[in-house]
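The figures that follow rest on heavy atoms only: side chains count, while hydrogens, waters and symmetry mates do not. Each chain gets a letter, A, B and so on, in the order the sequences are listed, and its residues count up from 1.
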Amino acid sequence: MKEIDLLKKKIAREKSARKAAERILEERALQLYESNEKLRKLNIELEIKVEKRAKQLIKSEEKYRGIIENMELGLLEVDNDQMIIKAYKWFCDMTGYREDELIGKNAQTVFLSKTRHHTIISQEQTKRIKGQAGVYEIQIKHKQGHLIWVMISGCPVYDADGNVCGSMGIHYDITRQKKLQKALLEAKKVAENAQKAEQLFLAKMSHEIRTPLNAIIGMTHLLNATKPSEEQKDYLKILRDSSGILKLLISDILDFSKIQAGELEVQKSEFNLSILISRLLKAVQSQIDGKDIKVKSNIDPNLKNLIIGDELLLNQILINLLSNAVKFTKKGSIILNVVISSQSESEISVEFQICDTGRGIEKGKTDLIFQKFKQVSSTDKDKYNGTGLGLAITKQLVELQNGTIELTSKKNKGSTFSVFLNYEKGGLQTDEDDLIPNKYLEQKFNKQKILVVEDNYMNRKYILTLLSKWNLDYEVAVDGMEAIAITKTKKFDLIFMDISMPILNGYEATKKIRKISNPNQETTIIALSASAFVTKKEKAISIGMTDFLCKPFDPQSLFRLLVQYLNPQIENISSENKPQSNIFPLPINAQQIELLYGDNWSMAFEMFNIFLKNSLPSFEKFKRLADSENFVAVKNLAHKLAPNLAMVGLMKTQDRLLNLESMAHQPTDKEGIRKLIDEIINDLQLAKPIVEKCLIALQEQSKLTQTT
Amino acid sequence: MKGIVFTEFLEMVENQHGYELVDTIIEESDLPSKGIYTAVGTYPHQEMVQLLMSLSSKTSTPVPNLLRSFGHYLFNTFLKSYPGFFESAPTGFHFLESIENHIHVEVKKLYPDAQLPNFETQRLDHNTLEMIYKSDRHMSDFALGLIEKTMEHYQETANIEVQGDPSNRSSVTFIIKKV
């Protein structure tokens with residue numbers, strides 16, 4: 001009974017448990033169903049999303065493909081062996097191929113023709129395999145055979161595993177740009193050639209115009225010396241003025257183009273500013289031409305040194321400014337002030353003021369005058385000759401030397417140009433006489449032998465006429481070959497050598513003369529050239545020429561050179577400052593003293609002493625003899641005293657005395673003789689205290705020598 | 001606690017002692033479920049504790065012993081129901097090592113609310129496995145029974161040393177040394 005109850009209980013419990021289990025399972029089934037439903041929905045949503053995304057992707061791809069295909073960029077995809085995988089439309093259009101003609105072909109074989117470009121591609125390919133991008137330019141072949149320049153931007157293409165499987169090249173057609181580039185290069189070349197041609201033209205023009213101009217100017221001078229009638233003198237004046245203007249004009253244009261071409265360089269050398277100024281004033285005076293203008297200069301007394309800088313440039317600047325002043329001043333004065341604004345041990349700042357009492361210019365127009373081809377008044381050109389380049393050149397010349405130029409001006413009162421330049425300081429100035437006598441055309445040399453090498457007949461005639469006027473012997477050669485032949489046979493004192501000549505030019509001839517053994521290996525050779533280019537002068541000096549004379553030249557320039565090179569004693573005073581020369585200041589020629597006495601100071605002392613005691617008083621006799629017109633006695637006395645002057649180195653006075661001797665031989669110009677005597681006396685009065693000082697110095701020196 | 005533990009437990013008691021004792025321990029314990037268990041249900045852990053206490057007093061057998069033999073009993077049930085887990089493990093150690101990271105993971109998939117003990121294993125040497133039991137249910141003896149049966153199933157003899165603080169049975173370390 002009890003067992004039955006237990007069993008019933010167990011069944012009851014199991015029933016309840018089964019129901020509970022069924023309930024739980026049903027719930028679980030429901031949950032499963034719901035979960036399944038959820039999943040299904042999720043799946044559908046996911047599918048919709050995927051589809052949407054795919055559509056977006058397609059759209060985006062289409063967009064970018066559209067952009068790429070419309071961007072005139074040809075895309076080409078190749079594998080690592082340069083086999084074409086895909087060729088985009090624009091690339092096909094660019095190269096003339098269809099895509100199916102390209103796929104599977106080797107890109108290099110299809111498109112490249114030049115080896116150079118194969119190398120570039122190989123280099124780029126190496127970079128791609130390393131994963132590097134690159135941009136380069138090559139020429140590729142169009143299907144129809146012609147070449148196209150393309151700029152390629154290449155980048156590596158990776159496979160799913162991240163390995164480089166090929167590369168993509170974006171090709172941009174740059175054929176037009178390349179053509180343009182080539183055209184530009186050619187244009188540049190043409191422009192450069194044109195510039196060279198222009199320079200060449202200027203050089204030619206310089207020569208071609210200057211050469212005949214030289215003859216015109218020269219002949220005008222000579223004609224003027226043939227006692228022309230008043231009417232003829234007038235014509236000659238016009239001829240001289242016109243050719244002078246023409247010469248200035250050519251010089252201006254040449255200078256300006258030289259400055260523009262950067263061909264003008266500052267050439268530094270030591271020079272005496274005081275001498276430069278005094279020469280300038282003389283030159284200006286000759287330009288005044290009857291106008292009532294006083295020209296003078298004031299030089300700062302603090303200027304005691306030579307200065308180091310470009311003498312030629314300074315000369316030109318001041319000449320330009322002074323000529324300008326002369327041009328615009330009718331009467332009054334032109335003053336050149338040289339003011340030392342500051343100086344240190346090694347440097348010196350100089351202000352040059354050129355003041356005139358000319359017409360001046362209005363306020364506000366002062367800047368205008370430094371511009372090229374500008375003259376302040378448009379009607380000026382009729383009244384005042386000139387290219388309008390002068391002041392523009394002047395300004396550039398000043399600035400070339402790091403200087404400044406200013407103008408202060410009052411209308412109808414006058415103008416002052418101020419030029420500020422800095423120089424290095426040189427040695428102390430010594431007193432040098434201006435070697436140029438005023439009446440140079442009447443001067444006589446002593447039959448020295450000159451060789452003139454010049455192919456141009458007119459120029460030759462001009463020079464030879466001058467040489468014979470100056471009592472010089474000459475020979476002529478018409479080209480370099482002839483010159484060499486003549487120099488082998490004869491010794492000359494000086495040679496004038498034209499640069500541009502047929503057969504053999506002046507440079508080559510000079511080189512030969514200097515090189516091969518002949519009597520003229522050491523002879524002074526002066527270049528004659530119509531070219532004003534500085535480089536030509538440099539070249540002339542560098543190949544062994546002594547100096548340079550620029551055509552056209554006036555007789556004075558020629559004379560200056562002759563004096564400089566044919567009077568070695570005089571020249572040597574200024575060029576060689578030997579230590580002893582401070583015992584023998586000018587006008588004593590120290591070299592002459594050295595030549596005579598060497599180190600024998602006591603002998604020099606004796607001679608100086610005799611000169612002061614015996615010779616000097618004898619000069620008093622000249623005046624008396626001249627007054628009594630005893631010219632034979634004048635001649636004899638001059639002949640007797642001349643060597644005595646040489647004994648104390650008064651060479652210049654000796655020259656005058658020799659001159660006096662010859663003049664007194666045939667005493668036609670009695671007034672001239674008297675004047676010359678005055679000059680000699682004057683010379684000696686100045687020289688006497690110096691000779692006396694030298695005597696004392698020599699006494700000291702000889703004592704010193706004896707004791708040591 | 002999963003219903004299967006209760007149904008299997010009561011079945012073991014019925015098999016070993018007859019349904020009368022099953023009825024007695026159900027009646028003596030004041031169970032919210034009234035002793036009606038189904039394998040697919042979930043019941044409070046407290047009910048198992050009550051049933052164990054009741055069985056212990058009726059059979060005069062300490063609870064740990066009961067739990068250990070329940071372990072032995074349940075192993076066979078597991079072996080029958082889930083042979084796949086045993087086939088995939090070549091040795092007893094391999095099987096024990098797979099409990100935490102393989103079997104329990106699968107159980108969780110089927111019963112997301114199941115509260116399972118945590119096992120950490122470490123091979124101390126070629127023949128020794130350290131297995132740390134951690135559970136708030138304090139049923140390490142049940143685990144011991146299962147481990148013993150496992151080694152037996154794989155025909156491997158091993159000494160099992162139980163280490164740990166007797167007052168805190170929430171963490172027990174088994175050192176299983178193969179002979």
Nearest non-hydrogen partners of B:G41 and A:I24, listed with the distance: CA-CD1, 3.6 Å

Part of A:L6 within contact of chain B (heavy atom distance under 4.5 Å): both

Over 12 non-hydrogen atoms of neighbours within 6.0 angstrom of CE in B:M53: no

Greater than 12 external heavy atoms within 6.0 Å of A:K143's NZ: yes

Residues 132-162 of chain B: residues contacting chain A (heavy atom under 4.5 Å, by number): none

NZ (B:K177) with more than 12 external heavy atoms under 6.0 Å: no

Crowding at NZ, B:K108 (>12 non-hydrogen neighbours, <6.0 Å): yes

Proximal to chain A - members of residues 54-76 of chain B, heavy-atom separation under 4.5 Å: none

More than 12 heavy atoms of other groups within 6.0 Å of B:H126 NE2: no

Proximal component of A:K15, with respect to chain B [non-hydrogen, under 4.5 Å]: neither

Enclosure of B:R123 CZ (heavy-atom neighbours >12, cutoff 6.0 Å): yes

Exceeds 12 heavy-atom contacts within 6.0 angstrom, atom CD of A:E26: no

Toward chain A: residues of residues 12-37 of chain B with heavy atoms under 4.5 Å: B:E14, B:Y19, B:E20, B:D23, B:I26, B:E27, B:K34, B:G35, B:I36, B:Y37

Residue among A:K2, A:R23, A:R13, A:E14 with most heavy-atom pairs under 4.5 Å to chain B: A:R13

Those residues that, when tested against A:E72, pass salt bridge (charged side-chain N to carboxylate O under 4.0 Å, His left out) (two or more places apart): none

Within 6.0 Å of CD in A:E3, more than 12 heavy atoms from elsewhere: no

